[in-house]
Amino acid sequence: MEYVHGGDIYTYKGMLDFSVNVNPLGPSERVIDAAKRGAERAMEYPDSRCGRLREALAERKRIPAEHIIAGNGAADLFFSLVLAERPRTAGIPVPAFSEYEQALKTVDCKVREYFLKKENNFRLTEDFLNELSPETDIVFLCSPSNPAGQAIDRGLLLKIADRCEGYGIRLVVDECFIDFLAEPEDYTMEKMTEKYSCLFVVQAFTKIHAIPGLRLGYGITSDEALLERMQQVRQPWSVSVPAQEAGIAALDEETRVREAGRLISEERSFLEEQLQRLGIEYVPSKANYILMRSGINLFHELKKHIILIRDCSDYRGLEKGWYRTAVRGRRENQILIQALEKIIK
């Protein structure tokens, strides 16, 4: 089975990993301690409905707990949603996260790709409204987008939601990187789930709290019938006790989230300035990663410097020569830039 994602530290052992986009501060002690307490209850079955976690999320976000579903990472929710809906035709702006299409293939869904333009920095524009029609069953959007780091204007998202509601299209908005934005509240659609029953918003603890090894995401929608269908098609106990405990603890880490946002903003500016100095083409990002292009095989060359980045040539809508690097702390970012400088020279 071919591994097509970042974070393959099992094949590329001992490398400085810039291929995954997680909080460079790492998980907090509070979150790790909570996960350890959960591990001590390993002989208990997890709560299959994640009751305490959903109640904690509901209190923090002021959204009914009945409108929240937890999953074994965001990808688990994408697959469960597709199995519950069994769409025939889907629309995806590309380049995009490959799990959308992979989930859709499990039900033989026809995927129509909308190619985002490089001259717009792969940003979604109002032209996408013309792609929506009653023949479309489901649409997957990502804000900030992966791998280009472009946030979708909420005004445009509301127009898309209006049209999807009218046409009966399920609108999935992947917001797994939303907490890395400077003003996430200006972009998130989580509260709009009360207005639009077609809307399904996906968020995750994985990236901002740096716990991809625990696997924890959640979906928000006011369509309770959909949530019940998802429960019926998914495996039980998909979210472990350690993951649920870590998620509850993570909700008290608002200060750490803000600290990470400041760090990433500063370090992203540093990296973009250095890439420009080195003459490496890049797409200005709003997230904790940067999409860049080079005629040099940077994935191959950086491996010689014990650095792992994401080769994006397997993304639909991108060709060979596109790469994604995470934004890490200053010391690690300097190591990356020094290696790139040697490669360019």
Side-chain angles (χ1 to χ4, degrees), residues 1-39 46 50 53 57 69-80 96-100 102-103 142 144-147 149 174-181 184 202-219 235 237-251 253 256-257 259-261 263-264 267 285 287-290 307-312 314-315 324-329 332:
M1 181 177 178
E2 185 182 2
Y3 192 94
V4 296
H5 301 290
D8 190 7
I9 56 174
Y10 308 100
T11 300
Y12 304 104
K13 295 182 174 68
M15 291 197 170
L16 181 56
D17 189 8
F18 279 83
S19 70
V20 292
N21 316 314
V22 298
N23 186 338
L25 295 177
S28 70
E29 289 186 18
R30 183 200 304 262
V31 169
I32 293 299
D33 287 344
K36 288 178 179 177
R37 291 195 299 272
C50 301
L53 174 61
L57 278 164
I69 183 171
N72 185 242
D76 175 38
L77 296 167
F78 298 141
F79 277 80
S80 299
F97 185 47
S98 62
E99 246 74 1
Y100 309 150
Q102 188 177 349
C142 187
S145 61
N146 180 10
D174 178 353
E175 294 186 351
C176 286
F177 296 98
I178 197 81
D179 288 312
F180 292 106
L181 295 177
V202 179
Q203 298 180 358
F205 292 90
T206 303
K207 309 299 184 183
I208 192 63
H209 294 288
I211 52 171
L214 287 175
R215 314 299 308 134
L216 185 59
Y218 54 97
Q235 61 169 327
W237 312 299
S238 61
V239 184
S240 70
V241 176
Q244 292 185 41
E245 292 298 326
I248 293 168
L251 291 173
E253 294 286 11
R256 190 176 183 83
V257 169
E259 181 184 353
L263 171 66
I264 289 161
E267 291 303 314
S285 174
N288 61 325
Y289 44 90
I290 301 170
I307 295 173
L308 186 64
I309 61 171
R310 176 71 158 90
D311 184 345
C312 292
D314 63 318
Y315 275 85
R324 189 193 67 202
T325 179
V327 176
R328 297 186 53 139
E332 293 93 344

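Quick note: numbers below take in every heavy atom, side chains included, and nothing from hydrogens, waters or symmetry partners.
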In terms of heavy-atom contacts, Gly149 and Pro144 come closest through C-CB, 4.2 Å
Mind checking what makes side-chain hydrogen bond (donor to acceptor under 3.5 Å, both in side chains) contact with Glu267, not counting sequence neighbours? Arg330, Asn333
Measure the shortest side-chain to side-chain distance between Pro24 and Ile264 over non-hydrogen atoms and say whether it is less than 4.5 angstrom. yes
Restricting to non-hydrogen atoms, name the atom on Pro242 and the atom on Ala39 that form the minimum distance, rounded to 0.1 Å. CG-N, 3.7 Å
Minimum heavy-atom separation for Ala74 and Val202, please, with both atom names. CB-CG1, 3.7 Å
Identify, with sequence neighbours excluded, every residue that meets side chain to side chain contact (heavy atoms under 4.5 Å, CB included) alongside Arg30. Ser28, Ala249, Asp252, Glu253
Has Arg215 got a side-chain atom pairing as donor or acceptor with Ala75's backbone, closer than 3.5 angstrom? no
Is any side-chain heavy atom of Phe97 closer than 4.5 Å to one of Cys176? no
Of all residues at least two apart in sequence or in a different chain, which pass the side-chain hydrogen bond (donor to acceptor under 3.5 Å, both in side chains) check with Asn146? Tyr315, Arg324
On a heavy-atom basis, which atom in Glu332 and which in Phe18 lie closest, and how many Å separate them? O-CZ, 3.3 Å
Side chain of Arg310, backbone of Pro147: donor and acceptor closer than 3.5 Å? no
The ring-ring contact (aromatic ring centres under 6.0 Å, His included) partners of Phe180 (sequence neighbours excluded) come to none
How would you list, by chain and number, every residue that makes a side chain to side chain contact (heavy atoms under 4.5 Å, CB included) with Ala210, sequence neighbours excluded? Val22, Asn23, Pro27
Salt bridge (Lys or Arg N to Asp or Glu O under 4.0 Å) against Glu245, all qualifying residues, sequence neighbours excluded: Arg41, Arg52
Tyr218: partners by ring-ring contact (aromatic ring centres under 6.0 Å, His included), with sequence neighbours left out: Phe205
Looking at Leu214 and Ala243, what are the two nearest heavy atoms and their distance? O-CB, 3.6 Å
Please enumerate all residues that pass side-chain hydrogen bond (donor to acceptor under 3.5 Å, both in side chains) together with Gln244, with sequence neighbours excluded. none
Residues in side chain to side chain contact (heavy atoms under 4.5 Å, CB included) contact with Ser145, at least two apart in sequence or another chain: Ala148, Gln150
Considering non-hydrogen atoms only, spot the tightest contact between Pro184 and Asp179 and give its length. CB-CA, 4.5 Å
With Asp76, which residues qualify under salt bridge (Lys or Arg N to Asp or Glu O under 4.0 Å), at least two apart? Arg234
Considering only heavy atoms from C-beta outward, does the side chain of Arg328 approach that of Leu16 to under 4.5 Å? yes
